[in-house]
Amino acid sequence: MIIGAIEAGGTKFVCGIGNEDGVISERVSIPTTTPEKTMTEVVAFFEDKGIEALGIGSFGPVELDQSSSTYGFITSTPKPHWAQFDLVGELKKHFDVPVGFDTDVNAAALGESLWGAAKGLDSCLYMTVGTGIGVGALAEGKLVHGLTHPEMGHIMVRRHKDDTFAGRCPFHGDCLEGMAAGPAIQDRWGKKGHELEGSPEVWEMEAHYLAQAIANYVLILSPKKVIVGGGVMKQKQLYPLVREKVKEILNGYVQHEQILERMDEYIVAPGLGDNAGLAGAIGLVR
């Protein structure tokens with residue numbers, strides 16, 4: 001089966017062709033500019049591929065209620081030009097095939113559970129730390145949805161004692177995303193993350209925020225694996241810092257060997273690398 005897959009992100013749309021086993025045979029990256037320009041390039045990529053189904057994992061918020069008149073829309077996003085855009089509807093104009101649709105992070109969580117770091121588990125959490133912060137979750141074999149979909153990137157966090165940065169989330173100011181996403185790092189320190197690799201104070205502060213969030217997710221959802229990816233996590237020194245701080249925050253309360261003795265196997269990088277979102281989009285079709 002020829003499956004089209006889209007990881008629709010705030011910075012770029014990654015489009016690919018794969019099969020039902022999650023194998024990606026072709027991929028392309030298209031900048032996220034305006035819907036008109038980006039979608040023209042997306043459609044052009046797929047139009048001669050003969051796709052039989054299409055899976056989409058999108059940045060959000062998105063409308064996932066199939067009974068809603070705005071099903072398939074990107075809704076109240078702060079991303080310029082994309083609020084209230086009918087993503088699924090626009091693609092259905094061009095491709096008369098079954099479409100699977102969810103958040104980009106739920107798709108990535110699904111992909112990792114099928115073929116990646118959480119393979120064989122019925123529970124995992126996927127967190128991406130990049131332009132924004134998004135979190136998807138699989139619980140008892142199902143992607144977590146409710147009134148809408150979880151927005152775990154916007155939880156409130158305790159401020160670091162040395163941090164005077166106001167936060168930059170346009171909705172909440174100093175929520176997790178407002179304090180720890182890539183743009184927050186740049187605004188706080190005056191440089192992009194990759195230019196600050198040799199500044200330990202930057203990553204200690206970043207780990208302070210990410211660890212609080214992960215500890216809360218552990219207490220609320222009790223995932224069997226926590227997978228953390230995204231552009232900011234290319235700074236590999238963050239992983240041991242985050243693991244240690246999560247352990248400190250939980251303080252022995254969660255009595256499980258994964259937390260107490262095997263944290264390096266519990267909080268991990270994506271097993272699928274940069275293909276987690278694309279593979280997950282294929283999983284949505286499955």
Side-chain angles (χ1 to χ4, degrees), residues 4-18 24 26-46 54-64 72-88 90-91 99-112 116 126-137 143 149-154 168-170 176-178 180-186 192-194 227-234 269-270 272-284:
I6 300 174
E7 181 185 7
T11 303
K12 60 184 181 295
F13 273 50
V14 181
C15 302
I17 301 296
I24 308 296
E26 186 178 353
R27 59 178 282 154
V28 66
S29 179
I30 297 166
T32 307
T33 54
T34 64
E36 294 78 14
K37 190 173 189 313
T38 299
M39 296 308 296
T40 297
E41 294 186 52
V42 169
V43 169
F45 171 76
F46 286 116
L54 179 63
I56 309 163
S58 175
F59 73 97
V62 294
E63 178 58 78
L64 298 176
F73 278 52
I74 297 171
T75 60
S76 55
T77 180
K79 178 72 177 173
H81 312 295
W82 288 85
Q84 307 306 323
F85 177 68
D86 185 4
L87 179 59
V88 170
E90 180 61 28
L91 289 162
V99 174
F101 180 60
D102 212 313
T103 65
D104 49 357
V105 282
N106 260 358
L110 179 60
E112 288 289 332
Y126 185 95
M127 180 181 196
T128 184
V129 188
T131 306
I133 296 181
V135 187
L143 293 171
H149 53 79
E151 283 286 1
M152 290 183 271
H154 289 266
R168 58 162 290 147
C169 173
L176 175 65
E177 180 173 292
I185 295 172
Q186 182 174 353
K192 293 186 176 182
H194 67 85
I227 302 155
V228 192
V232 171
M233 298 307 297
K234 299 293 186 184
L272 296 172
D274 293 335
N275 276 336
L278 272 189
I282 289 173
L284 293 174

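Numbering of residues begins at 1 and proceeds along the displayed sequence.
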Using side-chain heavy atoms (C-beta onward) and a distance below 4.5 Å, is [X] in contact with [Y]?
X	Y	result
Ile185	Val232	yes
Ile74	Ser58	yes
Phe46	Ile17	yes
Pro183	Arg168	yes
Leu91	Val42	yes
Leu87	Met39	yes
Leu284	Asn106	no
Thr38	His81	no

Pair Thr11-Thr32, side-chain donor/acceptor within less than 3.5 Å: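 Their side chains do not contain a donor-acceptor pair, so the 3.5 Å distance test is not met.
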
Looking at Gly10, is its backbone amide N or carbonyl O close enough to the side chain of Lys79 to form a donor-acceptor pair, meaning the two atoms are under 3.5 Å apart?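 Yes.
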
So does Gly132 get a backbone contact from the side chain of Glu177, meaning a donor-acceptor N/O pair under 3.5 Å?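 No, Glu177 side chain to Gly132 backbone: no donor-acceptor pair under 3.5 Å.
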
In Å and rounded to the nearest 0.5 Å, what is the [atom1] to [atom2] distance from [X] to [Y]?
X	Y	atom1	atom2	result
Ile24	Asp274	CD1	CG	12.0 Å
Thr131	Lys12	OG1	NZ	7.5 Å
His149	Leu143	NE2	CG	12.0 Å
Leu278	Leu272	CG	CG	10.0 Å

Tell me, please, which residues at least two apart from Phe45 pass ring pair (Phe, Tyr, Trp, His ring centres under 6.0 Å).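 Listed in chain order: nothing, the list is empty.
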
Suppose we screen for ring pair (Phe, Tyr, Trp, His ring centres under 6.0 Å). Which residues come up paired with Phe13, at least two apart in sequence or across chains?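 Counting only residues at least two positions away or on another chain, Phe13 forms a ring pair (Phe, Tyr, Trp, His ring centres under 6.0 Å) with Trp82.
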
If I compare all heavy atoms of [X] with all of [Y], which pair ends up nearest, and what's the gap?
X	Y	answer
Thr75	Val62	OG1-N, 4.0 Å
Ala184	Gly178	CB-O, 3.3 Å
Phe85	Pro35	CE1-CB, 3.6 Å

